[in-house]
Amino acid sequence: ATITENIHQRDKIMESEIRLQTHSINLMHMMTGIIPQNAIDEINKHIDSVVIKDNKDSSDNLVGQINREKKSAQLDFPLDTEYGKNFKGMLDGCATSLLTEGYKRKAKADAVECWTVHSYAGDYNPFHSHGTLTPAGLSCILYLKVPDCIKEKPEVPMLTSASGDCDGFTQLIWDTATTLDLYSLKTTGQEMIKPEVGKMLIFPKWLNHQVYPFFGEGERRTLSANFNVYYEKEESKKYGLEGFDYEEAKKMGYTVNDN
């Protein structure tokens, strides 16, 4: 082709309308919410009067390094008492909403274990994820008490200059997040969560996370739970996982809420 023909062809392309749009790929869905203060006060009252009093240690099944103070503890929060059943109903409803609204799945969440973490200066939770009986599963974190030394930290921590900005924060990790990653056009694979009384996170069980130690007065108190996920029978068949639907779960004696 001659130079003139090439220019003519280029002009024809430029005159055409090229429709472009950016497209983001979602890795996962997570639910966040704020529990009202009066409800938080009620939960803390139950923990103070029942959970701490019963003192059923859960640390044998957890990786948390919660041991720096006499009151440092990881305690079982029973879901089979009258209070526990009501609390489980609230948890199941929130987690099921993530399945139906976030993931658009015909499924129900069933909280099967729950525990409280009572952290003091120097306590921390190393890099880990959670497990459930069912292939799909959810986990949650509810912040119940936050020391002033964490409250005063900025929402977005700066990690340079030995700032200590992330002390006491929860870090969610699903990929690396180096400067080279960002320069190479990779999206960040981590998120720092500043604890806030009443804040609740619900996320897939496979999401890695860790909690940094803090240094100051006061208790950092959280509640965590794990949820089995049961699909409707037809939905379960669609993924080739028969036997993990909630009708079968009820037959096996699991207390899956009908709501």
Side-chain angles (χ1 to χ4, degrees), residues 21-35 37 40 44 59 62-74 98 102 115-131 138-226:
Q21 63 180 19
T22 58
H23 176 67
S24 299
I25 299 173
N26 290 327
L27 174 73
M28 65 175 179
H29 297 285
M30 182 174 75
M31 178 171 284
T32 62
I34 299 293
I35 306 297
Q37 186 61 51
I40 294 298
N44 276 324
S59 62
L62 301 169
V63 301
Q65 303 301 299
I66 314 300
N67 53 24
R68 296 305 176 103
E69 296 285 342
K70 235 179 184 180
K71 293 186 289 186
S72 297
Q74 299 171 99
L98 174 58
W115 65 97
T116 57
V117 182
H118 307 262
S119 301
Y120 292 85
D123 289 330
Y124 66 97
N125 224 311
F127 182 91
H128 69 286
S129 60
H130 293 189
L138 298 174
S139 299
C140 84
I141 301 170
L142 173 60
Y143 299 96
L144 297 168
K145 288 187 178 182
V146 179
D148 289 340
C149 62
I150 299 177
K151 289 179 181 177
E152 66 190 19
K153 302 291 184 186
E155 290 291 331
V156 180
M158 295 295 293
L159 302 185
T160 55
S161 304
S163 67
D165 280 358
C166 66
D167 292 353
F169 279 39
T170 301
Q171 186 178 25
L172 308 178
I173 306 164
W174 58 94
D175 201 351
T176 56
T178 65
T179 302
L180 179 58
D181 288 332
L182 301 179
Y183 185 81
S184 303
L185 305 181
K186 290 180 66 176
T187 56
T188 183
Q190 302 175 15
E191 184 173 349
M192 288 286 191
I193 305 294
K194 180 181 179 181
E196 177 185 345
V197 172
K199 181 186 288 184
M200 182 167 66
L201 314 175
I202 305 177
F203 48 86
K205 66 175 182 179
W206 51 259
L207 180 61
N208 294 311
H209 53 286
Q210 61 188 5
V211 177
Y212 289 95
F214 68 93
F215 305 94
E217 298 296 322
E219 177 187 3
R220 181 191 190 276
R221 179 182 293 185
T222 58
L223 177 145
S224 290
N226 287 330

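When a residue number appears, it is its place in the shown sequence, counting from 1.
Between T176 atom OG1 and L182 atom CG the span is 9.0 Å, to the nearest 0.5 Å. The line from NZ of K153 to CE of M192 is 12.0 Å long, rounded to the nearest 0.5 Å. Here K199 contributes atom NZ and L142 contributes atom CG; the two are 11.5 Å apart, rounded to the nearest 0.5 Å. Note that CG of L144 is 6.0 Å distant from CG of L223, once rounded to the nearest 0.5 Å. To the nearest 0.5 angstrom, L201 atom CG is 6.5 Å from L172 atom CG. Here the straight-line distance linking atom CD1 of I141 with atom CG of N125 works out to 8.5 Å at 0.5 Å rounding.
Nearest heavy-atom pair across F215 and G122 is CE2-CA, 4.3 Å. Of all heavy-atom pairs between G64 and P126, the closest is CA-CD, 4.2 Å. Minimum heavy-atom separation, G216 to A121: O-CB, 3.6 Å. Between G168 and P195, the shortest heavy-atom distance links the atoms O-CG, 3.2 Å. The minimum heavy-atom distance linking G189 with A177 is given by the pair N-CB, 3.9 Å.
Residues forming a side-chain hydrogen bond (donor to acceptor under 3.5 Å, both in side chains) with S72 (at least two apart in sequence, or on another chain): D123. Partners of T187 by side-chain hydrogen bond (donor to acceptor under 3.5 Å, both in side chains), not counting sequence neighbours: none found. Considering only residues two or more places apart in sequence or on other chains, H209 meets the ring-ring contact (aromatic ring centres under 6.0 Å, His included) condition with H128, H130, F203. For K194, the salt bridge (Lys or Arg N to Asp or Glu O under 4.0 Å) partners at least two apart in sequence or on another chain are E155. Considering only residues two or more places apart in sequence or on other chains, Q190 meets the side-chain hydrogen bond (donor to acceptor under 3.5 Å, both in side chains) condition with Q171. In this structure, the salt bridge (Lys or Arg N to Asp or Glu O under 4.0 Å) partners of K145, at least two apart in sequence or on a different chain, are E219. Not a single side-chain hydrogen bond (donor to acceptor under 3.5 Å, both in side chains) links E152 to another residue, sequence neighbours left out. Applying the side-chain contact (heavy atoms from CB on, under 4.5 Å) test to Q37 and every residue at least two apart in sequence or in another chain returns I40, D41, V197. By the side-chain contact (heavy atoms from CB on, under 4.5 Å) test, T179 pairs with no residue at all, sequence neighbours left out. Under the salt bridge (Lys or Arg N to Asp or Glu O under 4.0 Å) criterion, K71 pairs with no residue at all, not counting sequence neighbours.
Put simply, the side chain of K205 reaches to within 4.5 Å of the side chain of S139, judged on heavy atoms. Y120 has its side chain out of reach of R68: every pair of non-hydrogen atoms, C-beta onward, lies at least 4.5 Å apart. Between W206 and M28, the closest side-chain pair of non-hydrogen atoms falls below 4.5 Å.
Partner of I66 under the side chain to side chain contact (heavy atoms under 4.5 Å, CB included) criterion, out of R220, H118, Q74: Q74 alone.
Distance alone, capped at 3.5 Å, places no donor-acceptor pair between the T170 side chain and the I193 backbone.
The ring-ring contact (aromatic ring centres under 6.0 Å, His included) contacts involving residues 151-176 comprise nothing, where partners must be two or more places apart or lie in separate chains. For residues 157-179, every residue pair satisfying the salt bridge (charged side-chain N to carboxylate O under 4.0 Å, His left out) rule, not counting sequence neighbours, is listed here: D175-K186.
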Walk me through it: do F127 and Q210 pass the test side chain to side chain contact (heavy atoms under 4.5 Å, CB included)? CA-CA 5 Å; F127 182 91; Q210 61 188 5; 3.6 Å; yes
Could you walk me through whether Q65 and Y124 pass the side chain to side chain contact (heavy atoms under 4.5 Å, CB included) test, one step at a time? CA-CA 5 Å; Q65 303 301 299; Y124 66 97; 3.5 Å; yes
